[in-house]
Amino acid sequence: MSTATHSTASPAVGDQGPDHLLAVADRVAGWATSGEEIEVYVARGDETDIRAYAGEVESLTSATSAGIGVRVVVDHRLGFAWAGSLDESVLRETLAEARDNATFATPDEHVQLAVPDGVAAVDVDLWDERLASVPTTKKVELALSLEAQARGADPRIRQVDHADYGDGSVEVALVSTTGIRSSSRKTTGYISVGVIAGDGDASQTAGGFSVGRGFDGLDPDKATDDAVKRAVRLLGATKGPSGRQTVVFDRRVATMVLSVVSTALSGEAVAKGRSFFAGRIGELVGDPGLTLVDDPTDPRAYGASSYDAEGLACRRNVLIDGGVLRGFLYDTVSASRSGVTSTGSAVRGGFSGTPGPGCRALTLAPGPEGFDEDGVLAAVGEGLFVQSMTGVHSGVNPISGDFSVGAEGLMIRDGRLAEPVREITVASTLQRMLQSLAVVGADVEWLPGIAAGQTLAVGDMQISGI
Amino acid sequence: LVIETPVVERVLSSALQHGGDFAEVFAEDRSTSSAMLDDGRVEELSSGRERGAGIRVVSGETTGFAHTADLTEEGLLRAAEAASAVARSGAGGTRSVGVGPLGDQTHGSGGGASGPRTAGTKADALSLLRRADEAARASGGAISQVQAACGSSRRQVLIANSDGLLAGDRQARTRFTVSCVATGDTGLQTGYESAARTLGFEMFDEVSVEELAEMAAKRALSKLAARPAPSGELPVVLAGGSGGILFHEACGHGLEADHILKDASVYTGMVGHQVASPLVTLVDDGTIGSEWGTFGVDDEGRPAQRNVLIDHGVLTDYLWDYLRARKEGRVSSGNGRRQTYQHLPMVRMTNTFLLAGEEDADEIVAQTPRGVYVAKLGGGQVNTTTGDFVFGTTEAYLIEGGKLTEPLRDANLIGNGPEILKRIDAVATDFAMTPGTCGKDGQSVPVGCGQATMRLTGVTIGGTAE
């Protein structure tokens with residue numbers, strides 16, 4: 001089993017670094033009695049969040065948190081417990097509670113903890129050492145200047161709803177009695193701005209952001225320009241016409257569409273009959289130009305990671321190749337249930353969650369060179385460009401595949417963006433959208449989340465408006 | 001959760017040592033447990049425990065916030081020091097703070113003198129889950145998958161501030177959900193139903209898990225024969241209960257004072273104006289019974305109260321938390337809420353509902369020649385600045401000749417708040433509430449929505465049928 005223990009503790013965490021977390025995890029795992037397997041996930045994080053408004057700091061949050069999540073497997077029964085503290089007494093209580101929970105589960109031969117599989121982890125460096133030494137005053141200055149820049153960017157910007165700076169560092173240690181021992185750490189930084197453009201009585205909103213591994217490299221110009229351009233170009237928007245159209249999804253919207261599709265590629269959803277992809281391996285499920293890969297070992301990906309949430313090495317998984325469904329994403333249990341091995345795709349929502357299979361870094365094989373946003377618009381000619389999408393949670397069903405979302409954007413005429421539209425819906429099914437994928441942009445941008453942004457054109461979608 | 005009053009006073013004094021207008025300690029002790037049955041097996045029992053405190057210091061327009069899981073005086077003082085950093089430029093000096101009891105509220109039989117009435121054991125939860133699984137599967141051979149979950153939480157909070165307030169609350173919440181998948185020639189369809197109350201397990205004296213399961217199964221089964229939802233504008237009848245989501249989105253969020261004070265709501269400056277049909281009297285009430293959005297005191301220590309927002313179509317008031325009320329020289333309306341001690345409070349809804357009307361629900365359908373009947377809404381989303389919002393159906397039927405005919409596949413509906421509120425032309429007597437989870441700025445809180453069956457003269461339906 002390879003491990004990637006970073007022994008250099010950053011100034012911000014002092015003696016509370018990854019080694020300390022590994023020691024905590026080792027100690028709890030050491031409390032295992034015969035006949036039981038234990039997995040201990042220990043995490044610790046620091047964060048700073050600053051919101052600027054009207055030239056002042058509206059709020060400044062600084063916080064440290066730590067916690068533990070323990071899974072116990074006894075006689076093929078799983079129990080879980082978590083706590084938001086690493087105090088000695090809490091660790092013992094948490095283990096005891098997980099053990100008690102295990103006694104109530106239904107025995108299931110597939111329930112087991114991950115076992116080292118010999119796949120070497122790719123060392124993805126996600127830690128910006130410099131973040132810890134950036135003084136809060138500099139972060140405050142950045143938030144304030146972002147707000148001022150957005151306010152002054154265009155006379156039609158009548159309000160800056162929020163201008164935020166945020167950063168965080170998270171360290172995780174994972175130890176199990178089945179031989180897993182890994183630790184990882186990562187830093188993140190972001191700025192985000194929301195603006196309101198006004199023109200007479202009408203208002204339009206949009207946001208812009210910039211993300212990175214730390215403070216350096218955050219780009220207020222990009223965040224501001226993006227927010228202002230998007231809000232201003234929607235001014236004058238009216239409810240668009242109903243009808244069938246080719247829809248071009250902006251990169252930010254496309255990443256949301258891919259994220260929803262990924263839910264149906266979960267090995268657990270497939271094994272439990274909750275995916276429209278179930279039983280279709282080897283079949284043509286999309287346009288032959290569609291190749292979809294999840295590769296968390298790509299260091300450019302926002303969701304890049306050396307290890308999955310069960311401590312196995314993350315790896316590149318091809319899901320759809322040339323339109324043909326090739327595979328699903330598995331964690332240890334869903335893999336066993338399906339008679340395959342884990343694809344190193346376990347994810348979990350911090351110490352309070354249990355692992356399950358999921359994507360971290362989805363991308364579509366890019367289209368031909370020159371297919372940036374303008375190139376895709378030119379290729380499409382006539383249609384609707386969607387710059388923002390609402391109601392994904394209420395109108396997209398990854399089990400049935402039904403897809404219906406609220407949208408705003410601009411009409412595409414003669415291969416260019418034309419008049420703005422709002423208060424319309426865009427509908428199809430996910431199955432049909434994959435088949436009708438007309439153009440994949442070459443303009444890959446690693447956005448926050450689990451999927452890259454690429455301009456996408458999908459044919460034959462129903463628009464509902466007037 | 002015990003913090004001695006003298007400790008609280010010293011922490012508040014310390015929080016104001018560098019100046020500042022207001023300081024607050026919010027301490028919380030929360031335990032959660034959940035059990036999930038999936039694929040016929042009890043797969044996961046989970047328990048969690050989290051305790052800590054968030055300390056807020058307000059200095060002019062700026063709020064400093066820090067939180068800690070360390071509830072010792074030392075830990076609290078460290079957090080106070082961090083939160084007070086924003087006031088460094090302030091006058092400083094020593095300010096002694098005294099707090100007095102405002103009363104300890106108990107909600108959801110979470111404790112108090114009588115102790116928990118019905119805490120519910122893990123075995124109780126499993127028995128409920130099995131009953132739900134059986135009932136769902138017995139509803140039809142096409143039911144191919146059932147997932148049932150039972151979750152409960154107990155939350156004790158203590159709030160003290162430099163205005164002398166000292167308040168506490170104990171809240172017990174229980175939630176039961178059932179999700180079904182039905183498989184047919186047309187693919188997979190889903191159905192969902194839930195019950196959630198601010199109660200312990202005595203919720204199940206009033207709620208039949210079999211009925212929840214049968215309802216979820218019926219929704220999935222009926223949609224196997226569903227046709228695509230229409231595309232375009234039609235009259236819509238919303239059944240009592242979940243239709244309340246319309247008000248939550250179409251105006252509830254837009255009436256939150258944080259949006260109002262930033263001029264980021266279509267309802268800014270509209271108090272005293274006719275903003276809805278005269279049939280609309282809209283209330284937000286955190287005091288009612290054991291509804292999901294009910295509590296004793298809000299997360300700023302203010303007792304829950306009943307607020308009339310729209311009276312016969314006329315906008316009467318907004319929703320307020322401490323910070324926004326203070327700016328306007330008024331008092332909070334009891335709507336300051338936060339997800340956990342790790343979050344800053346914001347203006348949030350509680351239970352938001354339309355008062356019942358006088359018509360007969362069946363008669364409203366009978367008098368609709370053609371339209372869509374929405375038996376269940378799943379969720380929604382709004383842009384408060386433009387007023388554009390979506391809400392999604394999870395059970396809907398076509399109305400033809402005043403009768404419900406064919407079932408429809410899921411779709412989002414889209415509208416503009418101020419326009420839609422004027423299109424309500426009938427409200428029935430069959431009032432019902434429905435529980436939901438409201439997300440805002442990254443924080444989730446439990447809320448209730450409610451209304452009686454009502455009709456909208458026209459809404460855009462985002463289906464795929466031309």
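Throughout, protein chains are lettered first and strands after them, A, B, ... in sequence-line order, and every chain is numbered starting at 1.
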- [ ] Pick one of side chain, backbone, both or neither for B/Asp258, based on which atoms fall under 4.5 Å of a heavy atom in chain A.
- [x] neither
Open item on the list: Distance alone, cut at 3.5 Å: any donor-acceptor contact between the side chains of B/Asn412 and A/Ser394?
Closed with: yes
TODO: Starting at OG of B/Ser34, measure out to CZ of A/Phe80 and round the result to the nearest 0.5 Å.
DONE: 9.0 Å
- [ ] Pick one of side chain, backbone, both or neither for A/Phe104, based on which atoms fall under 4.5 Å of a heavy atom in chain B.
- [x] both
Task: Side chain proximity check, B/Arg130 to A/Thr106, heavy atoms < 4.5 angstrom - done: yes
Open item on the list: Heavy-atom pairs under 4.5 Å with chain B: which of A/Gly401, A/Ala271, A/Ala83 has the most?
Closed with: A/Ala83
TODO: Using a 4.5 Å cut-off on heavy atoms from C-beta on, say whether the side chain of A/Arg422 contacts that of B/Asn383.
DONE: no
TODO: Calculate, to the nearest 0.5 Å, the distance between atoms CE and OG1 belonging to A/Met461 and B/Thr464 respectively.
DONE: 10.0 Å
Task: Any A/Asn397 side-chain heavy atom under 4.5 Å of B/Thr190 side chain - done: yes
- [ ] Answer with side chain, backbone, both or neither: which region of B/Val390 has an atom nearer than 4.5 Å to a non-hydrogen atom of chain A?
- [x] side chain
Open item on the list: Quick check: closest heavy atoms across B/Thr385 and A/Ser203, and the distance to 0.1 Å?
Closed with: CG2-CB, 3.8 Å
- [ ] Mind ranking B/Gly48, B/Gly392, B/Pro230, B/Gly379 by heavy-atom pairs under 4.5 Å with chain A and telling me who comes out on top?
- [x] B/Gly48
TODO: Let me know if B/Leu261 has heavy atoms under 4.5 Å from chain A in its side chain, its backbone, both or neither.
DONE: backbone
Task: For the student: nearest non-hydrogen atoms of A/Ser400 and B/Arg409, plus distance - done: O-NH2, 4.0 Å
- [ ] Find the one option among A/Ser59, A/Ser428, A/Gly84, A/Ala105 whose heavy-atom pairs under 4.5 Å with chain B are most numerous.
- [x] A/Ser59
- [ ] Would you mind checking which part of A/Ile424 comes under 4.5 Å of any heavy atom in chain B, side chain (CB onward), backbone (N, CA, C, O), both or neither?
- [x] backbone
- [ ] Grab the two heavy atoms, one from A/Ser464 and one from B/Ser231, that are nearest each other, plus how far apart they are.
- [x] OG-OG, 2.6 Å
- [ ] Sort out for me which of B/Gly387, B/Gly463, B/Gly187 touches chain A most, counting heavy-atom pairs under 4.5 Å.
- [x] B/Gly463
Task: Heavy-atom pair of closest approach, residues A/Lys272 and B/Gln145 - done: O-NE2, 2.8 Å
TODO: Could you tell me which portion of A/Arg51 (side chain, backbone, both or neither) has an atom closer than 4.5 angstrom to a non-hydrogen atom of chain B?
DONE: side chain
- [ ] Answer yes or no: is there a side-chain heavy-atom contact under 4.5 Å between B/Glu233 and A/Ile466?
- [x] no
Task: Proximity breakdown for B/Asp70 and chain A, heavy-atom pairs closer than 4.5 Å - done: neither
Open item on the list: Less than 4.5 Å to any heavy atom of chain B: does that hold for the side chain of A/Thr354, its backbone, both, or neither?
Closed with: side chain
Task: Under 3.5 Å: donor-acceptor pair, side chain of A/Arg158, backbone of B/Asp263 - done: yes
Task: Heavy-atom contact with chain A under 4.5 Å, split by part of B/Arg56 - done: neither
- [ ] Dump the intermediate steps for salt bridge (charged side-chain N to carboxylate O under 4.0 Å, His left out) on A/Arg71 and B/Glu44, then the final yes or no.
- [x] CA-CA 10 Å; A/Arg71 290 199 295 159; B/Glu44 188 174 302; over 6 Å; no
Task: Contact origin within B/Thr32 toward chain A - heavy atom pairs under 4.5 Å - done: side chain
Task: Contacting region of A/Asp100 [heavy-atom separation from chain B under 4.5 Å] - done: both
- [ ] Examine whether an atom of A/Ile196 lies under 4.5 Å from a heavy atom of chain B, and if so say whether it belongs to the side chain, the backbone or both; otherwise answer neither.
- [x] side chain
Task: 4.5 Å side-chain heavy-atom contact, A/Leu60 and B/Thr63 - done: no
- [ ] Below 4.5 Å from any heavy atom of chain B, which atoms of A/Gln159 appear? Answer side chain, backbone, both or neither.
- [x] side chain
Task: Which atoms of A/Thr61 approach chain B - backbone, side chain, both or neither, heavy atom under 4.5 Å - done: both
Open item on the list: Shorter than 4.5 Å, heavy atoms on both sides: which option in A/Glu97, A/Glu93, A/Gln204 has the most such pairs with chain B?
Closed with: A/Glu97
Task: Reported CD-to-CG distance for the pair B/Glu43 and A/Asp108, which is rounded to 0.5 angstrom - done: 6.5 Å
Open item on the list: Any heavy-atom pair between the side chains of B/Gln189 and A/Asp402 that's under 4.5 Å?
Closed with: yes
Open item on the list: What's the separation between atom CZ in A/Arg274 and atom OG in B/Ser179, rounded to the nearest 0.5 Å?
Closed with: 7.5 Å
- [ ] Measure distances from A/Ile463 to the heavy atoms of chain B and classify the residue's part below 4.5 Å as side chain, backbone, both or neither.
- [x] backbone
TODO: Find out whether A/Glu58 and B/Glu61 are in side-chain contact, i.e. whether some heavy atom of one side chain is under 4.5 Å from a heavy atom of the other.
DONE: no
Task: Contact summary for A/Asn101 and B/Ser47, nearest pair of heavy atoms - done: ND2-OG, 2.8 Å
Open item on the list: Which one wins on heavy-atom pair count under 4.5 Å against chain A: B/Thr183, B/Val181, B/Val382, B/Thr186?
Closed with: B/Val181
Task: Closest non-hydrogen atom pair between B/Ile414 and A/Ala407, with its separation - done: CD1-N, 4.3 Å
Open item on the list: So, taking the atom named OG in A/Ser65 and the one named NE2 in B/His67, what distance separates them when rounded to the nearest 0.5 Å?
Closed with: 6.0 Å
Open item on the list: Within the structure provided, determine whether B/Gln381 and A/His393 are in side-chain contact (heavy-atom separation under 4.5 Å).
Closed with: yes
Open item on the list: Please classify the contact of A/Arg77 with chain B as side chain, backbone, both or neither, using a heavy-atom distance under 4.5 Å.
Closed with: neither
Open item on the list: Given heavy-atom pairs under 4.5 angstrom as the criterion, report whether the side chain, backbone, both or neither of B/Ile461 touches chain A.
Closed with: backbone
Task: Interatomic spacing from CZ in A/Phe276 to CG in B/Leu188 - rounded to 0.5 Å - done: 9.5 Å
TODO: Let me know if B/Ala229 has heavy atoms under 4.5 Å from chain A in its side chain, its backbone, both or neither.
DONE: neither
Task: Region of B/Asp39 that comes under 4.5 Å of a non-hydrogen atom in chain A - done: side chain
